[in-house]
Amino acid sequence: MRLPLLATRVGILAVKLFVVVLVALSIFPLLMGGIGIDLEDEEEGDWALDGSTIRLEAPLMVSNDGFFDITDLRVGFTFKDKDGNVLAVSEMAPMDIPAGRETAVPIEIALDLYDLDHQTRSDLIFNGTDIAFDLSVQVRYTWNLVRMSVDGESEMGWDALLGNLQVRSDMAYLREMDGNHTVVVPFTFYANDMVQGGQALALTEYWDSHGYYANVTQAVDLRDNIWEEAVVPLSPEAYDRVMTGEEQLTVRVTLFFLDCSNYQETTFTEQWGAGW
């Protein structure tokens, strides 16, 4: 089971159920006339990353079998961090629900990650975080003579968009080609469903206990089960030390995404000539 995808699906359901509850409360006085709400599971919608903005678009079917039109139905979202600071505000366009008809009400949520402070954005991308949101529903009915509003609050947990970065030093190996020496260091991480198809930047740095340093930068396509190999150049002296004796090596891989970064570092020592 892929936890990021699971968390995304649960988040969609949680948001839609929360909307249903508040819409139902808002139009409760009309229930005797026959008001129905349907989640439309066949078209549940998906969270998606559009540039730097996370969006959810999903339909909510509201049927009005009562005597009066519901007018000016408004649903608004206010996103907050765990400390209650407002991160972003998103409001859907007002909708009318005519009597005797079923109307699709699109739920549209937008959260621009650049509206978040750097630490909150970094946590959401690499560590996962909790986001609170306030939801307000306003309606008018009975020829616009009656107005009602209901507010509610909930929380939504997010798994990391890019997570579980690991430097696979246990799978590293030396390679010689056309007189050039390199060390190949694999690294792995996962990409949440909503960012797949995009790209991240990976910087791999290598240094040994004698002060040799090298690095390589590569673009990484975001997909399922990411396994990448960083090919780091070695000087003849650095290569000889690895091959002929016990050498302490350090490798750090840093991922960059939406102006945020996260790294994993490992230091290891072995009899390189025998082990490689």
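For clarity, every value in this text was computed on a predicted model and none was experimentally measured. The analysis underlying the following values was restricted to heavy atoms, covering all of them including side chains, and did not include hydrogens, waters or symmetry mates.
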Within the side chain of [X], is there an N or O that forms a donor-acceptor pair under 3.5 Å with the backbone of [Y]?
| X | Y | result |
| --- | --- | --- |
| Arg175 | Val231 | no |
| Tyr114 | Ser52 | no |
| His181 | Ala238 | no |
| Arg168 | Pro186 | no |
| Gln196 | Ala191 | yes |

Heavy-atom pair with the smallest gap, counting every atom of [X] and [Y]:
| X | Y | answer |
| --- | --- | --- |
| Ala160 | Asn127 | CB-N, 3.8 Å |
| Gln248 | Thr267 | CG-CG2, 3.6 Å |
| Val220 | Glu228 | CG1-CG, 3.7 Å |
| Pro233 | Ala214 | O-CB, 3.5 Å |
| Leu203 | Phe256 | CB-CE1, 3.8 Å |
| Asp72 | Asp96 | N-OD1, 2.9 Å |

Candidate pair Ile54 and Leu124, rule side-chain contact (heavy atoms from CB on, under 4.5 Å), full reasoning: CA-CA 11 Å; Ile54 293 176; Leu124 190 148; 4.1 Å; yes
[atom1] of [X] to [atom2] of [Y]: how many Å apart, nearest 0.5 Å?
| X | Y | atom1 | atom2 | answer |
| --- | --- | --- | --- | --- |
| Asn192 | Met194 | CG | CE | 4.5 Å |
| Leu111 | Arg55 | CG | CZ | 10.5 Å |
| Met171 | Phe187 | CE | CZ | 14.5 Å |
| His118 | Asp123 | NE2 | CG | 10.5 Å |
| Ile226 | Phe189 | CD1 | CZ | 3.5 Å |

Tyr206: which of Asn215, Leu249, Thr182 passes side-chain contact (heavy atoms from CB on, under 4.5 Å): Leu249
Whether over 12 other heavy atoms sit under 6.0 Å from Tyr263 OH: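 No, OH of Tyr263 has 12 or fewer neighbouring heavy atoms, counting only those of other groups under 6.0 Å.
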With sequence neighbours excluded, residues passing ring pair (Phe, Tyr, Trp, His ring centres under 6.0 Å) with Phe126: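 Checked Phe126 against ring pair (Phe, Tyr, Trp, His ring centres under 6.0 Å); zero matches.
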Candidate pair Phe257 and Asn262, rule side-chain contact (heavy atoms from CB on, under 4.5 Å), full reasoning: CA-CA 9 Å; Phe257 189 74; Asn262 186 51; over 6 Å; no
Contacts of type side chain to side chain contact (heavy atoms under 4.5 Å, CB included), residue Gln264, not counting sequence neighbours: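 With neighbours one apart ignored, the set is Leu165, Val167.
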Side chain proximity check, Thr188 to Asn164, heavy atoms < 4.5 angstrom: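 Answer no - side chains too far apart.
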Side chain to side chain, Phe268 and Asp170, heavy atoms closer than 4.5 Å: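 With C-beta onward as the side chain, the pair stays apart.
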Joint hydrophobic cluster, Leu258 plus Leu201, side-chain heavy atoms closer than 4.5 Å: no
hydrophobic_cluster_shared for Trp207 and Val232, side chain cutoff 4.5 Å: no
Trace of the side-chain contact (heavy atoms from CB on, under 4.5 Å) decision for Ile125 with Leu255: CA-CA 11 Å; Ile125 293 171; Leu255 292 179; over 6 Å; no
Donor-acceptor pair between Asp50 and Thr53 side chains, under 3.5 angstrom: no
